Number of protein chains: 2
Amino acid sequence: MRPEELPEIRHLHLFRDMTQANFEALMASSYAQNFPQGLEMIRQGDPADFLHVVVEGSVELFARWGGREGTMAVVRPVSTFILAACIRDAPYLMSARTLERARIILIPSSDLRAMFRRDPEFSVAVINELASCYRSVVRNAKTLKLRNSRERVASYLLRQSLLAGGVPSYALPVEKRLLASYLGMTAENLSRTLRTLEESGVKMDGARVIITDRAKLNALAQPDTLIDGPDMFANESGSGLPAAGQ
Amino acid sequence: MRPEELPEIRHLHLFRDMTQANFEALMASSYAQNFPQGLEMIRQGDPADFLHVVVEGSVELFARWGGREGTMAVVRPVSTFILAACIRDAPYLMSARTLERARIILIPSSDLRAMFRRDPEFSVAVINELASCYRSVVRNAKTLKLRNSRERVASYLLRQSLLAGGVPSYALPVEKRLLASYLGMTAENLSRTLRTLEESGVKMDGARVIITDRAKLNALAQPDTLIDGPDMFANESGSGLPAAGQ
DNA sequence: CGAGCGGTTGAGGCATGTCAAGAGTTGTGG
DNA sequence: CCACAACTCTTGACATGCCTCAACCGCTCG
């Protein structure tokens with residue numbers, strides 16, 4: 001592991017409050033690994049042997065069933081994923097693959113589980129992290145159940161603009177095909193939907209989003225802190241596809 | 001609070017491992033309340049002042065957006081709900097209403113938060129509970145994204161049969177209209193889908209489910225432990241609509 | 001340059017929602 | 001005890017959302 005990576009990890013909410021000695025112990029048994037683009041480094045169903053921390057690149061979490069698959073989240077530096085599976089010592093519910101070349105820290109989940117029995121501050125941090133992840137997935141389920149695809153696209157586009165500070169124009173952080181999968185629709189349907197959204201205050205230019213009438217877009221998306229997140233502005237990732245603890 | 005209720009609560013995973021003194025302290029500041037049928041006792045967006053424990057009756061967790069609403073879960077005795085909101089000291093993401101006359105224990109969330117800083121065993125229990133709830137919602141999101149409504153109905157019916165011990169016939173634990181909402185479809189669509197499922201090995205007689213060809217139903221539902229849950233057989237609720245910690 | 005890939009567009013079809021009506025059931029009040 | 005209201009469930013007709021298949025464009029990269 002590189003020396004400059006440790007402070008970054010230490011800085012995560014999850015590890016911020018534990019004692020230095022415990023942090024070092026945890027890191028001592030961990031190691032870093034580089035993955036090429038497009039590599040599936042976690043397969044759903046595998047035992048959760050390691051907590052993963054992305055320090056470089058980006059990772060897609062996705063799920064498969066039968067022949068179909070769907071994107072559940074995109075994880076960007078610096079954040080962890082599949083925490084819940086590690087804690088439960090249970091199989092991963094999602095698969096993970098690199099979207100680009102990525103560098104990942106692997107923390108043995110047995111050490112992790114031992115640690116929150118030893119460091120009370122750490123267990124409080126884990127509690128907060130998990131509660132936060134839980135709420136994030138609930139929001140996700142809400143948007144899937146309560147909004148149709150057009151509304152999901154509109155609120156996604158609006159949210160991204162707000163995350164960037166309310167800018168009228170920005171570039172999509174992910175490919176459209178991935179975005180479609182994340183929003184639970186086909187690439188074709190997303191493409192068409194984006195076209196028709198020109199009447200509703202937002203226009204595309206390639207991967208560039210241009211909000212032409214925020215009021216109209218707002219009226220369609222009906223943003224709601226109980227779905228789109230109040231911590232919208234606190235999201236460090238910038239992918240717009242929330243990180244997840246699994 | 002009734003004397004016979006305390007052991008039931010104490011028996012929950014969440015409270016099982018804490019010290020007796022701490023448990024008593026927590027219960028001392030809590031109180032029980034009876035609600036009539038159909039009462040909305042939690043509105044999404046309200047501050048999460050109390051962890052709720054259902055000791056009698058049943059409670060529907062649902063979400064609203066715009067004019068629409070959807071059932072997220074049904075909670076049955078004895079289990080808790082909206083744990084995550086209490087921990088984060090954040091607004092409820094879901095509303096709750098009684099499906100029938102219910103008795104609920106209310107535990108002040110500030111006491112709860114103070115407690116897991118004082119009782120390490122309790123914080124480990126909270127961690128496990130949250131991780132478990134998280135995985136349950138992820139499974140839910142997976143089924144929504146990866147299966148169509150017909151497949152969701154089929155796997156629900158099959159899962160219920162397995163929960164009841166693999167019986168060929170059982171009664172639906174909830175009204176069809178509620179089930180439809182939980183499965184993310186309209187009541188009309190569920191009704192029609194149930195009709196067409198007769199070709200696929202399951203038949204309805206009112207609220208009674210009769211599995212006529214388990215192999216056929218299996219082929220359609222393609223049950224998967226990473227969606228339908230490995231702890232299927234450990235679920236104490238029996239509603240089939242998983243309890244949730246929010 | 002040609003293959004591969006992401007993105008777009010069109011045509012067509014199936015899945016699902018909407019609206020409306022009616023049967024059966026339950027609960028309530030006269 | 002009956003009559004009525006309210007509700008669930010079902011069914012039909014219809015509209016539409018969304019997917020599938022196929023073709024094509026433009027870009028990137030070997």
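Just so we're clear, the structure is a prediction, and the values are computed from it rather than from any experiment. So you know, we letter chains A, B, ... as the sequences are listed, proteins then strands, and number each from 1.
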In whole Å, I'd like the distance from the [atom1] atom of [X] to the [atom2] atom of [N].
{"X": "A/Arg147", "N": "C/dG17", "atom1": "CZ", "atom2": "P", "result": "18 Å"}
{"X": "A/Arg150", "N": "C/dG17", "atom1": "CZ", "atom2": "C1'", "result": "17 Å"}
{"X": "B/Arg177", "N": "C/dT26", "atom1": "CZ", "atom2": "P", "result": "16 Å"}
{"X": "B/Met185", "N": "C/dG17", "atom1": "CE", "atom2": "P", "result": "7 Å"}
{"X": "A/Leu178", "N": "C/dC5", "atom1": "CG", "atom2": "P", "result": "16 Å"}

Going by side-chain contact (heavy atoms from CB on, under 4.5 Å), name the residues that satisfy it together with [X], two or more places apart in sequence or in a different chain.
{"X": "B/Ser149", "result": "B/Arg152, B/Met185, B/Asn189"}
{"X": "B/Ala102", "result": "B/Thr98, B/Ile104"}
{"X": "A/Asp49", "result": "A/Pro47"}

- Message: Just to be sure I understand the rule, does B/Gly38 reach a base, reach only the sugar-phosphate, or reach nothing, if contact means heavy atoms closer than 4.0 Å?
- Response: nothing

Which residues share a salt bridge (charged side-chain N to carboxylate O under 4.0 Å, His left out) with [X], sequence neighbours left out:
{"X": "A/Glu198", "value": "A/Arg195"}
{"X": "A/Arg43", "value": "A/Glu40"}
{"X": "B/Arg208", "value": "none"}

Residues in residues 188-199 of chain B with a heavy atom under 4.0 Å of DNA chain D, by number, are B/Glu188, B/Ser191, B/Arg192, B/Arg195

Correct closest heavy-atom pair for B/Ala32 and B/Arg103 would be CB-NH2, 3.5 Å

- Task: Provide the start and end nucleotides, 5' to 3', of the part of DNA chain D that has atoms under 4.0 Å from heavy atoms of chain B.
- Result: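 Here the contact window of chain B covers D/dT8 to D/dA13.
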
| said: Listing request: all salt bridge (charged side-chain N to carboxylate O under 4.0 Å, His left out) pairs with a residue in residues 172-193 of chain A, at least two apart in sequence or in separate chains. | reply: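 For residues 172-193 of chain A: none.
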
Check: Residues in side-chain hydrogen bond (donor to acceptor under 3.5 Å, both in side chains) with A/Gln33, at least two apart?
Finding: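 Scan of A/Gln33 (side-chain hydrogen bond (donor to acceptor under 3.5 Å, both in side chains), adjacent residues dropped) gives none.
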
Looking at five pairs on each end of the helix from C/dC1-D/dG30 to C/dG30-D/dC1, what is the angle between the two axes, given to 10 degrees?
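Answer rounded to 10°: the end axes differ by 30°.
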
Among side-chain atoms of A/Thr143 and A/Arg147, is any donor-acceptor pair under 3.5 angstrom?
yes

Please list, one pair per line, the donor and acceptor atoms closer than 3.5 Å that link side chains of residues 218-226 of chain A to other protein atoms, with sequence neighbours excluded.
from: A/Asp224; atom 1: OD1; to: A/Leu226; atom 2: N; distance (Å): 2.7

